[in-house]
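Structure record follows, encoded as structure tokens.
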Amino acid sequence: MPVEPRSAAPHLSPTRPGPTRPLPAQRKPARAEPTSAPADGFWRRLLPVLAALALAIRLPSFPHSFWSPDEGYLAVQARILAEGGELYETVVDRKTPLLPWLYEAAFLLFGDGSGQAMKLLAVGAQFTTAALLAAFARRRWGDRSGVTAGVLFLLISVGFIPQDTQAVTFEVVILPFTAAAVLCADRGRWGAAGAAVAGAFLTKQTGGVVLVPVLWLLWRTHGAAPSRAPLRTGLLRTAVGFAAPVVAAALLTDPGGFLFWTVTGSGAYAFSLDGSELHVLVRAVVNCSVLGLCCLGILPPVRRALRTGPRPREAALWVWFGASAGAVAVGFHFFGHYFLQLLPPIALLATSALRSLRHERLRHVLSVPACVCACFVVWAVFAPRSELTHAERVATAVREHSAPTDRVLVWGIHPQTYRLADRTPASRYLTAGLLTNFSGGRDGPQVGERYGVPGAWRVFAAEMRARPPALIVDDSRGKPYAPERLPTLRRLLAGQYEPLPGTVDGTVFYVRSSGS
């Protein structure tokens with residue numbers, strides 16, 4: 001009997017098909033995720049580059065003592081605080097306390113060398129911001145984007161006039177906190193994100209707007225979940241992370257003074273615009289144009305990317321950019337250093353748009369902001385420093401007309417004169433702006449005694465009665481806050497002081513009259 005050949009599939013029959021195994025469903029090929037090298041190798045190569053670049057772009061800051069009145073204000077504050085003064089009482093400012101405390105710590109540790117220490121701190125802040133942005137971009141788009149984000153941020157970070165980018169001021173120190181807040185939120189570390197928001201707020205109030213993208217990321221992460229428990233937990237952790245440092249800072253100073261000087265007592269400075277519309281508009285247009293110049297080269301690929309519509313994962317970056325733009329516009333001042341807060345989201349949005357380019361094209365695109373950066377650095381080296389030169393000449397005259405133990409009142413907006421002259425301020429108000437509202441750059445009618453910080457003139461008059469300064473320096477030079485426009489100061493000069501012969505670039509010096 002012939003034996004039939006054995007079938008390879010004996011369970012199947014031409015007349016009675018057996019059960020068939022269903023074919024696996026056809027899946028669409030998954031989108032390739034960005035590849036990343038081991039973290040230690042990536043950072044070992046990138047961090048030295050970022051550190052060297054951060055130092056190079058800020059080298060022009062080191063030869064000069066001060067670059068802006070804000071830097072001078074902080075330096076004088078540091079000395080007063082280091083000698084036992086109390087923030088918001090012995091010396092006052094509209095800003096939150098973190099940066100004055102950092103200046104104070106530098107003064108206690110390094111004395112007269114504190115200025116150089118703070119310049120190194122600014123280098124560290126720039127470097128840290130670049131590294132955090134690199135970490136964010138690498139997490140989302142891979143190694144090459146991480147390098148692009150870190151380097152690009154540093155290249156565009158000096159794209160304003162030197163006084164705005166080389167000074168050690170609030171906006172420079174805000175940036176690493178804002179970058180850390182968004183990175184922590186992107187990783188779901190809500191408590192750390194809240195603490196980073198607090199760090200930004202305690203550096204300057206407008207830094208707190210980074211809370212908006214943090215909350216956006218929290219909502220995008222947990223808002224659509226069936227249970228609201230993760231969302232509530234994230235909100236609670238963010239709130240605690242933010243509130244704890246802020247409450248601690250208020251208790252370390254004076255809660256009432258902290259609230260008044262950082263929030264409730266600055267209404268005229270923060271929101272008034274009457275009479276200065278054209279002045280402010282011109283400043284806004286000029287600084288927006290300078291911002292466009294510092295981003296030259298990356299604008300065309302970003303514009304092309306926008307034509308295809310924003311990617312969903314970039315929504316948080318646009319929210320961050322919008323919140324930062326709101327912070328720039330608050331108060332309608334539009335100073336160049338205010339725009340620094342826009343640079344981290346700009347760097348990340350540009351990185352996202354550039355990641356589709358080939359290596360050669362990417363290098364070509366980045367070469368343009370690199371050349372622009374070099375031009376701004378060279379400008380910082382050779383730019384004239386007329387205001388600093390003036391302050392140095394006035395300080396020399398102050399030393400000639402006063403003793404080292406004398407208290408001096410400099411009526412102007414250049415508080416670095418106190419530090420350059422090595423003299424103690426006669427008032428807790430280190431600039432005329434706090435008493436007249438001129439510190440906002442106003443050139444209209446809202447400058448005068450009634451526009452100053454509420455209650456400031458009463459305190460100022462009491463200071464002048466209790467310990468009259470040995471020397472008053474009228475450095476107004478025809479500005480709207482000149483003494484002849486201020487009844488209280490005009491009466492003080494007329495009743496107790498007499499002018500010295502001669503002036504320094506229009507600055508008038510008054511000494512106490514013999515009969516007072």
Side-chain angles (χ1 to χ4, degrees), residues 61 63-80 91-95 99-100 103 107 112 114-115 118-119 161-170 269 283 333 335-337 383-402 406-443 447 452-453 456 460 469-483 485-486 489 493 500 503-510:
S61 70
H64 302 287
S65 302
F66 303 107
W67 285 85
S68 72
D70 282 348
E71 199 174 19
Y73 202 113
L74 288 161
V76 177
Q77 270 188 317
R79 172 171 288 185
I80 296 172
V91 62
V92 296
D93 194 10
R94 292 186 173 101
K95 304 298 191 301
L99 193 54
Y103 265 82
F107 188 88
D112 289 338
S114 60
M118 293 308 298
K119 295 178 192 301
I161 64 173
Q163 287 85 345
D164 287 322
T165 57
Q166 297 293 335
V168 188
T169 51
F170 302 93
Y269 175 84
R283 187 190 299 132
H333 303 303
F335 293 123
H337 51 276
R385 305 294 313 284
S386 57
E387 289 299 329
L388 178 61
T389 301
H390 170 77
E392 290 171 339
R393 295 185 62 187
V394 171
T396 299
V398 168
R399 288 194 298 270
E400 292 174 354
H401 298 298
S402 63
D406 284 342
R407 295 164 61 85
V408 172
L409 175 68
V410 178
W411 187 254
I413 58 172
H414 296 288
Q416 60 265 37
T417 304
Y418 291 114
R419 182 70 181 270
L420 294 170
D422 195 21
R423 295 294 184 268
T424 301
S427 172
R428 69 194 67 194
Y429 308 109
L430 301 184
T431 70
L434 293 171
L435 291 157
T436 65
N437 197 40
F438 187 79
S439 58
R442 305 305 190 206
D443 65 344
V447 173
V453 174
F460 176 77
L471 179 71
I472 295 180
V473 181
D474 174 17
D475 195 32
S476 59
R477 292 175 285 166
K479 297 291 193 308
Y481 59 87
R485 302 186 182 186
L486 306 169
L489 187 58
L493 291 174
L500 292 173
T503 64
V504 175
D505 300 332
T507 299
V508 183
F509 297 82
Y510 293 85

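Worth saying up front: this structure is predicted, and the values here are computed from it rather than measured.
Each of Arg399, Glu392, Arg393 was checked for a side-chain hydrogen bond (donor to acceptor under 3.5 Å, both in side chains) with Thr396, and the lone residue meeting it is Arg399. The only member of Asn437, Thr431, Ile413, Leu489 that meets side chain to side chain contact (heavy atoms under 4.5 Å, CB included) when paired with Tyr481 is Ile413. For the side chain to side chain contact (heavy atoms under 4.5 Å, CB included) with Pro69, the lone residue among Gln163, Glu387, His414 that qualifies is His414.
Side-chain contact between Leu493 and Ile472 is present, with heavy atoms from C-beta onward closer than 4.5 Å. Residues Val394 and Asp505 have side chains not in contact (no heavy-atom distance under 4.5 Å, counting atoms from C-beta outward). Two residues are said to be in side-chain contact when any heavy atoms from C-beta on lie closer than 4.5 Å; Leu434 and Val92 meet this criterion. Residues Tyr429 and Val91 fail the side-chain proximity criterion, which asks for heavy atoms closer than 4.5 Å. A 4.5 Å side-chain heavy-atom check between Pro100 and Leu74 finds at least one atom pair inside the cut-off. The side-chain heavy atoms of Val398 and Val473, taken from C-beta on, include a pair separated by under 4.5 Å. Under the 4.5 Å side-chain criterion, counting only non-hydrogen atoms from C-beta, Tyr103 is in contact with Val168. Side-chain contact check for Val76 versus Pro425: some heavy-atom pair is nearer than 4.5 Å.
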Inset, instruction - Could you walk me through whether Leu471 and Leu409 pass side-chain contact (heavy atoms from CB on, under 4.5 Å), step by step? - result: CA-CA 6 Å; Leu471 179 71; Leu409 175 68; over 6 Å; no

Inset, instruction - Report the C-alpha separation of Ile161 and Gln166 in whole Å, then their side-chain angles, then the decisive distance to 0.1 Å, and conclude whether the side-chain contact (heavy atoms from CB on, under 4.5 Å) test is met. - result: CA-CA 9 Å; Ile161 64 173; Gln166 297 293 335; over 6 Å; no

Inset, instruction - Given side chain to side chain donor-acceptor pair (under 3.5 Å), test Ser68 with Asp70 step by step and report yes or no. - result: CA-CA 5 Å; Ser68 72; Asp70 282 348; 5.1 Å; no

Inset, instruction - For the pair Asp93 and Arg428, evaluate salt bridge (charged side-chain N to carboxylate O under 4.0 Å, His left out) and give the outcome as yes or no after the intermediate values. - result: CA-CA 9 Å; Asp93 194 10; Arg428 69 194 67 194; over 6 Å; no

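Going from atom CZ of Phe170 over to atom OH of Tyr73 covers 9.0 Å, rounded to the nearest 0.5 Å. In this structure, Tyr510 OH and His401 NE2 are separated by 13.5 Å, a value rounded to the nearest 0.5 Å. A distance of 6.0 Å separates CZ of Phe460 from CG of Leu435, quoted to the nearest 0.5 Å.
Taking all atoms of both residues into account, the shortest heavy-atom contact from Ser402 to Arg423 is OG-NE, 2.9 Å. Across all their heavy atoms, Ala470 and Asp406 have their closest contact at CB-CG, 3.7 Å. Annotation for Gln416 and Ala391: closest pair CG-CB, 4.2 Å, computed over non-hydrogen atoms. Considering all non-hydrogen atoms of both residues, Ser476 and Asp474 come closest at OG-OD1, 2.6 Å.
Remark: side-chain polar atoms of Tyr418 are paired, donor with acceptor, to backbone N or O of Val410 under 3.5 angstrom. At distances below 3.5 Å, at least one donor-acceptor pair connects side-chain atoms of Trp67 with backbone N or O atoms of Ser61.
Salt bridge annotation for Glu71-Arg419: absent, with no cationic side-chain nitrogen under 4.0 angstrom from a carboxylate oxygen.
Relative ring orientation between His333 and Phe335 is described as parallel, the plane-to-plane angle staying below 30° on a 0-90° scale split at 30° and 60°.
Within the cation-pi definition used here (under 6.0 Å to the ring centroid, within 45° of the axis), Lys479 does not qualify as a partner of Phe438.
Applying the side-chain hydrogen bond (donor to acceptor under 3.5 Å, both in side chains) test to Asp475 and every residue at least two apart in sequence or in another chain returns His390, Arg477, Thr507.
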